[in-house]
Amino acid sequence: KLFSLGAGDRQLIQTPLNDTLPVTFKSVALLFQQLGIQNVLSLFCAVLTEHKVLFHSSSYQRLGEACRALEALMFPLKYSYPYIPILPSRLLEVLSSPTPFIIGVHSMFQNEIQDLPDVIIADLDGGTIKIPECIHLSLLPEPLLHQTQSTLSLVNICTCFFTLTHLYYRTYRSFSKY
């Protein structure tokens with residue numbers, strides 16, 4: 001499909017070559033559990049508007065899963081900037097680059113990442129995100145934002161119910177053996 005952004009330019013959009021959903025296993029669900037619906041939607045909007053997103057955690061597994069989940073949420077779009085789920089300590093200067101990115105850094109380097117003025121920092125262990133004052137983050141338009149939050153809340157409730165039911169059944173089976 002051909003469209004124009006103005007000034008006489010012409011852009012072409014085509015469907016992805018591989019239109020199957022990305023395989024994330026539990027990564028997306030874990031990201032919502034760790035950060036909450038509002039924070040994940042903020043990160044989603046940050047990535048779509050080409051901001052720098054940095055995850056930090058004491059778990060390398062959580063870092064990889066969070067980066068994978070945020071990238072998967074963009075489907076069918078492809079993230080075309082640096083994507084480094086676990087940044088080695090020798091490359092921390094990459095965080096000062098002018099280009100947008102999705103990067104994961106171990107929490108042992110928390111002192112080195114606190115003074116990044118143009119980076120949105122998501123703390124996976126604490127469940128918070130920090131958006132610097134110099135960043136104006138555009139969120140989804142209001143009718144869509146409310147509908148998305150409501151739908152995701154229902155999915156979260158269903159997931160919690162399923163988990164509780166599973167735990168109850170497993171506990172019941174273990175006690176019924178006696």
Side-chain angles (χ1 to χ4, degrees), residues 16 18 20-140 144-145 148-160 162-163:
N18 183 1
T20 59
L21 287 172
V23 177
T24 61
F25 300 104
K26 297 187 294 184
S27 297
V28 172
L30 287 172
L31 185 63
F32 278 102
Q33 286 177 352
Q34 291 164 347
L35 295 177
I37 293 170
Q38 185 59 45
N39 286 340
V40 173
L41 288 177
S42 293
L43 292 177
F44 174 74
C45 291
V47 170
L48 288 180
T49 55
E50 300 180 341
H51 285 89
K52 301 175 185 179
V53 174
L54 174 70
F55 290 102
H56 79 84
S57 174
S58 59
S59 166
Y60 289 113
Q61 181 177 355
R62 259 182 269 162
L63 288 172
E65 289 178 350
C67 290
R68 186 179 318 112
L70 188 57
E71 182 187 32
L73 287 173
M74 293 182 61
F75 181 82
L77 302 175
K78 297 281 186 196
Y79 191 71
S80 59
Y81 294 105
Y83 169 82
I84 309 169
I86 301 172
L87 184 69
S89 61
R90 295 183 310 270
L91 299 177
L92 285 174
E93 66 268 6
V94 168
L95 300 175
S96 299
S97 72
T99 174
F101 56 69
I102 297 174
I103 293 180
V105 173
H106 195 277
S107 291
M108 73 174 82
F109 304 111
Q110 197 165 2
N111 291 336
E112 287 86 344
I113 64 173
Q114 290 305 317
D115 296 327
L116 299 169
D118 59 345
V119 178
I120 298 170
I121 300 175
D123 178 0
L124 295 172
D125 299 330
T128 61
I129 65 169
K130 178 181 145 193
I131 302 173
E133 291 179 15
C134 66
I135 294 178
H136 173 70
L137 190 59
S138 299
L139 296 177
L140 297 172
L144 181 59
L145 178 63
T148 304
Q149 289 172 329
S150 298
T151 304
L152 287 171
S153 295
L154 292 174
V155 170
N156 192 27
I157 290 169
C158 292
T159 303
C160 291
F162 175 75
T163 303

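FYI, side chains are in, hydrogens and waters are out, and symmetry mates aren't considered; it's all heavy atoms of this structure.
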Pairwise distance OG(Ser57) to CE(Met108) - rounded to 0.5 angstrom: 11.0 Å

Minimal non-hydrogen separation, Cys45 against Leu139, with atom names: SG-CA, 3.8 Å

Side-chain touch Glu65/Lys26, heavy atoms, less than 4.5 angstrom: no

Nearest heavy-atom neighbours spanning Ile120 and Ile131: CG2-CG1, 4.0 Å

Separation between CD of Gln33 and CG of Leu124, rounded to the nearest 0.5 Å: 12.5 Å

Closest non-hydrogen atom pair, Leu137 against Ala46: CD1-CA, 3.4 Å

Heavy-atom closest pair, residues Asp125 and Asp123: N-OD1, 3.0 Å

Interatomic spacing from CD1 in Ile37 to OG in Ser150 - rounded to 0.5 Å: 9.0 Å

Shortest non-hydrogen contact between Pro132 and Leu116, atoms and distance: CG-O, 4.3 Å

Gln114 atom CD, over 12 foreign heavy atoms within 6.0 Å: yes

Within-4.5 Å side-chain heavy-atom neighbours: Met74 and Leu48: yes

Listed once per pair and sorted, the ring-ring contact (aromatic ring centres under 6.0 Å, His included) pairs that draw on residues 30-72, sequence neighbours left out: Tyr60-His106

side-chain contact (heavy atoms from CB on, under 4.5 Å) between Val47 and Leu73, intermediate numbers included: CA-CA 10 Å; Val47 170; Leu73 287 173; over 6 Å; no

Check against side-chain contact (heavy atoms from CB on, under 4.5 Å), Leu41 and Leu145: CA-CA 9 Å; Leu41 288 177; Leu145 178 63; 4.0 Å; yes

Reported CG-to-CD1 distance for the pair Leu54 and Ile113, which is rounded to 0.5 angstrom: 5.0 Å

Tabulate below the donor-acceptor pairs under 3.5 Å that side-chain atoms of residues 83-105 make, not counting sequence neighbours, or state none.
from  : atom 1 : to    : atom 2 : distance (Å)
Tyr83 : OH     : Arg68 : N      : 3.2
Ser97 : OG     : Val94 : O      : 3.0

Non-hydrogen atoms of Thr128 and Asn39 that approach each other most closely: CA-ND2, 4.1 Å

